[in-house]
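Start at 1 and go down the list; that is how both ligands and their atoms are numbered.
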Amino acid sequence: MQGLMQDWPLTVDRILDHGASWHGGREVVTRAIEGGIVRTTYGQIHARAKKLSNALLEHGIRPGDRVATLAFNTYRHIEAWYGVMGMGAVCHTLNPRLFAEQLVYIINHAEDRILLADSSTAPILQGILPQCPKIEKVIWLTSDTHVPAGLPGVSYESFIAGQSEVCAWGGFPESQAAGLCYTSGTTGNPKGVLYSHRSNYLHTMMSLQADVQGLSAADNVLMVVPMFHANAWGLAFSAPAVGAKLVLPGSQMDGAAILELLETEQVSVSAAVPTVFQMLLQHLEKTGAQLPYLKKVLIGGSACPESIIRSFRDKYDVEVLHLWGMTEMSPVGSVGVPCATVAALPYDEQMPYRLKQGRAPLGVDMKLTDDDGKLLPQDGQTFGRLKVRGHSVARAYFKGEGGDILDADGYFDTGDVATLDALGYMQITDRAKDVIKSGGEWISSIEIENIAAGHPKAALAAVVGLVHPKWDERPLLIVQLKPGETATKEEFLHFLDGKIAKWWMPNDVVFDTIPLGATGKIDKKLIRQKFDGYHWPEAVAAE
Ligand code: ADP
């Protein structure tokens, strides 16, 4: 027997419709790419996004066509998301920090017809546009005065000028594609994750659970996580869904720029990868500034070191929520919110749990298996392959790249190695490709680098496994010191002593700059390339 409730397709245009209807005056504040602060509202964004839909329709864009963006977080980028998705086309977010060859591959693979780009990306586009013959039009996300000279295209403002603010959104099945985002392709070519309206809508509902993002209408949210990275962690949907004020940093993510927005916009919640908050904390230390409005930060994308969690809480009374997820999961997979048992512990005893990546919210199933797919125990010790399934998890990549990606029970292999404990807390020990295999045992690079990053002189720390004549691989610790600091190898080894197993101790420490990849994470592939053929000190090689 069928239920008798209304069947309402779960399409994301309803989210901005709701934001405009019930929170229409709520502000969206942008640090503009051209400089200065721009204030707009959900009501204005809704009207302008409809104008964009009409302009795209007039150009001949139809449902299912791919419209790309190459842009940082701004109000025009938000309009582009809704204007494209609302009319049933697919919004393809491109990461401006990718290498030119990767962008060319992705644009051509996706068959993008239109490209909406920040004017600051002109130098990138100049090189790649001739190699992307399917792009029919470039629309610069700016006004006429800032359109880059010498390149094709029109300004966004002139493109939408004169269009009607009335345009029918939705009306298509909820299973229709809404967004496309390629994973960074650390192995093989980048692969496209094709979000549906339904997966994004349900991901929004999931994110709004109190134990996930838990946003409210009274929050002011600084969305540092870029819209081109993993669906902006769902915040571009969840903020208008509840009527939270949205603050957008444009392309400036340094400590001073972030602090200014936190203060002037009285931001209560922010979200970014650990390196962004590391820069903010260093800036706060230097200037002595405080964070009177900020209550909560969502940190994910790579493991959050203890030093960040403690600094936020002890010095600024800010709660850190540690999240894990991936592009293929829309992206939220788990959140480290204390459960009743953990919350009852003294703060120091909560720390081992806060450092874990957390528990699965409603909508995500997780399991650990060995390489043969055999289920592993949930004892907090046994490492295994982490596999997931859920309504917002990919079931295939765009155009079938990578073939069949699910196991017989519908689980997707995340490529992460993790443990699961009796309380349901998952902890990532490594990406499968970063695990250090020493004498047949596994060493977690993440755990060592998180402790090393807590050394007062360290700005960043990375650990990679390098070939060793006796043990197959041994860990090398690379430390980027804070500006003006000097340190010795012994200082860092002494700092790690007693905090990690003796046989995990790095065999050498190198002081160097640490490269960050296109999503602000430490780029271990580059580090491994750089240290390829590295000669361990003689004594170490003989150990
Ligand atoms: P990429 O980093 O490849 O560009 P994603 O943003 O989708 O693409 O990265 C997802 C991966 O990032 C996860 O599979 C995991 O390895 C890592 N990751 C994400 N959040 C965390 C976290 N809190 N702790 C450790 N690793 C994380």
Criterion ring-ring contact (aromatic ring centres under 6.0 Å, His included) on Phe72 and Phe228, from CA distance to verdict: CA-CA 7 Å; Phe72 289 92; Phe228 52 74; 5.6 Å; yes
Considering only heavy atoms of [X], which atoms of ligand 1 have at least one such atom less than 4.0 Å away?
X	result
Lys521	1 (P), 2 (O), 5 (P), 6 (O), 9 (O), 10 (C), 11 (C), 12 (O)
His229	6 (O)
Met326	7 (O), 10 (C), 14 (O)

Contact check, Gly415 vs ligand 1, heavy-atom distance below 4.0 Å: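 It does not; every heavy atom stays at 4.0 Å or beyond.
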contact_flag Met329 ligand 1 heavy-atom lt 4.0 Å: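 No, that is not the case, since the closest heavy atom of the residue is not under 4.0 Å from the ligand.
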Backbone or side-chain N or O of Glu328 under 3.5 Å from ligand 1 N or O: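 The answer is no, given that Glu328 and ligand 1 share no N or O pair closer than 3.5 Å.
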I want to confirm something. Looking only at heavy atoms, which of [options] is nearest to [atom]?
atom	options	answer
atom 19 (C) of ligand 1	Gly358, Gly301, Gly300	Gly301
atom 10 (C) of ligand 1	Lys356, Met426, Arg431	Arg431
atom 13 (C) of ligand 1	Val193, Leu386, Asp416	Asp416
atom 8 (O) of ligand 1	Val332, Leu355, Thr327, Asp523	Thr327

Side chain, backbone, both or neither: Ala303 near ligand 1, heavy atoms under 4.0 Å: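 The answer is both.
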Contact partition for Leu323 relative to ligand 1, non-hydrogen atoms under 4.0 Å: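 For Leu323, only backbone atoms sit under 4.0 Å from ligand 1.
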Audit row: His77, Thr69, side chain to side chain donor-acceptor pair (under 3.5 Å) steps and yes/no: CA-CA 8 Å; His77 199 175; Thr69 62; 2.9 Å; yes
Selection residues 223-239 - residue pairs positive for side-chain hydrogen bond (donor to acceptor under 3.5 Å, both in side chains), sequence neighbours left out: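 Sorted pair list: Asn200-Asn231, Gln213-Ser238.
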Lys191 charged N/C atom sitting above Tyr182 aromatic ring, 6.0 Å / 45°: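 Relative to the ring axis of Tyr182, which defines the angle, Lys191 lies outside at least one limit.
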Side chain Lys437, main chain Asp472, donor-acceptor under 3.5 Å: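 Side chain of Lys437 to backbone of Asp472, a donor-acceptor pair under 3.5 Å: no, none is there.
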Donor on one side chain, acceptor on other, Asp430 and Ser445, under 3.5 Å: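 Yes, because at least one side-chain N or O of Asp430 sits under 3.5 Å from a partner of the opposite role on Ser445.
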Listed once per pair and sorted, the salt bridge (charged side-chain N to carboxylate O under 4.0 Å, His left out) pairs that draw on residues 335-362, sequence neighbours left out: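 Only Arg310-Asp348, Glu319-Arg354, Lys356-Asp421 qualify under salt bridge (charged side-chain N to carboxylate O under 4.0 Å, His left out).
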Parallel, tilted or perpendicular: rings of Tyr105 and His109 (30°, 60°):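 Plane angle under 30°, so parallel.
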